[in-house]
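In the text below, chain A, chain B and the rest are named by the order of the sequence lines, each starting its count at 1. Scope of the values below: all heavy atoms of this structure, side chains included, with no hydrogens, waters or symmetry mates.
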Number of protein chains: 2
Amino acid sequence: MNLQQALDILKSKGYKYTGKRERMVQIFSREDRYLTPKEVLGEMQEDYPGLSVDTVYRNLSLFEDLGIVEGTEWEGERRYRLHCGGDPHHHHLICKECGRTRSLNVCPMNAILGEPEDFTITGHKFEIFGYCKDCEAVSKNEGNCTHS
Amino acid sequence: MNLQQALDILKSKGYKYTGKRERMVQIFSREDRYLTPKEVLGEMQEDYPGLSVDTVYRNLSLFEDLGIVEGTEWEGERRYRLHCGGDPHHHHLICKECGRTRSLNVCPMNAILGEPEDFTITGHKFEIFGYCKDCEAVSKNEGNCTHS
DNA sequence: GCTACAAAACGGAATAATTCCGTTTTACAA
DNA sequence: TTGTAAAACGGAATTATTCCGTTTTGTAGC
């Protein structure tokens, strides 16, 4: 999903179109990687000093409900990125260090034959974690540190 | 992994073998499903009233490092279950309501051809979420409630 | 069995993430 | 231009998790 599509969702679904919401979508579009709520707050405060954390959390939650962003978590921290939907369904390689992703064109659900008995599927998650080339160099220098 | 295997790991790795750790492994073995730290604490306190939360968190973390339990999270809550390792590598259908799982004998990594360029894989996650038969009936009665 | 010591547990407090709520501001429809 | 419901505010409450100095305990060696 690109910036315009995301903004269109906000407009068309009848939610108020505020500068803060637009800015927040722009951040996700520009960064194009997984961000923690804290990172989002930090970038927002460059334009809106003193922005309430509640506003970020509320909008992250709204954006997730609207399918504008998608969330996951690793190393105990929740993260969000612009939703990739619209394009054919796919999954990601995720760099645990910088949050950047690479698309995988396989979905393991294709190998699942129909609905299993006595179980209703509501969703699935397939993610490959690791380090991209840039970040691997960094993590090697850090030795055994459990970097946050 | 069964109860005895889990206890053997604790003994053989040179960690102290305490009644609390044994009890905690028993709980995971008996429940055989994903449990939140709070649920674990609750069950532990039946035998050890006033047990420190720190003890539960410390041991959960240790058990995860030792491969005795495996963790994941959904709906914003961290959960742990007895590690299924030892058996051939596999993944799970997970009931979001009760935390019970069903094994899947497919692993999508088999379809990933070698290591992608410029990316070092350290792990992967494939989980299918939904509701088991028992819990689906419950969730239907609850209507639109976002049950916790 | 007894002792010494390091590891485990304690427990209260610190930290951090997230949510709540009453009030103020604002986008937008009429 | 105005009225109104939604959004944002912001401080406080809640909750999860970790920290740390102290006490207890498992276990190896005597």
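For D:dT25, the OP1/OP2 oxygens have no side-chain nitrogen or oxygen of B:Thr18 closer than 4.0 Å. Residue A:Arg58 places no side-chain N or O under 4.0 Å from the OP1 or OP2 atom of C:dT19.
Atoms CZ (A:Phe63) and C1' (D:dA8) sit 13 Å apart, rounded to a whole Å. If you take CD of B:Glu64 and P of D:dT17, they are 12 Å apart, rounded to a whole angstrom. Distance CE (A:Met44) to P (D:dA8): 8 Å, rounded to an integer number of Å. Atom pair A:Leu10:CG and D:dA6:C1' shows a separation of 13 Å (rounding to whole Å applied). Note: CG (B:Leu62) to C1' (D:dT17) measures 17 Å, nearest angstrom. A:Tyr57 places its OH atom 16 Å from the P atom of D:dA8, with the value rounded to the nearest Å. Here D:dT15 presents its P atom at 17 Å from CZ of A:Arg78, a figure rounded to the nearest Å. Going from atom CG of A:Leu60 over to atom C1' of C:dA17 covers 13 Å, rounded to whole Å.
Dense packing is recorded around NZ of A:Lys125, with more than 12 heavy atoms of other residues, nucleotides or ligands lying under 6.0 Å away. Within a 6.0 Å sphere centred on CG of A:Asn105, heavy atoms belonging to other residues, nucleotides or ligands number 12 at most. Enclosure of atom OH in A:Tyr15 is not indicated, since only 12 or fewer non-hydrogen atoms of other residues, nucleotides or ligands lie within 6.0 angstrom. The number of heavy atoms from other shown groups lying within 6.0 Å of NZ (B:Lys38) does not exceed 12.
A side-chain contact (heavy atoms from CB on, under 4.5 Å) with A:Tyr34 is found for exactly one of A:Leu82, A:Val69, A:Thr101, namely A:Thr101.
Heavy atoms of B:Gly76 sit nowhere under 4.0 angstrom from any nucleic acid atom. Residue contacts shown for B:Thr55 are limited to sugar-phosphate atoms, with no base heavy atom under 4.0 Å away. Counting non-hydrogen atoms under 4.0 angstrom, A:Asn59 reaches the backbone sugars and phosphates but no base.
Among the nucleotides C:dT18, C:dA7, C:dG11, the one closest to the side chain of B:Asp54 is C:dG11.
The residue among B:Tyr15 and B:Lys38 whose nearest nucleotide of DNA chain D lies closer to the 5′ end is B:Lys38. Along DNA chain C, the nucleotide closest to B:Arg21 and the one closest to B:Ser52 are compared, and the more 5′ of them pairs with B:Arg21. Checking B:Val53 against B:Lys20, the closest nucleotide of DNA chain C that is more toward the 5' end is the one next to B:Lys20.
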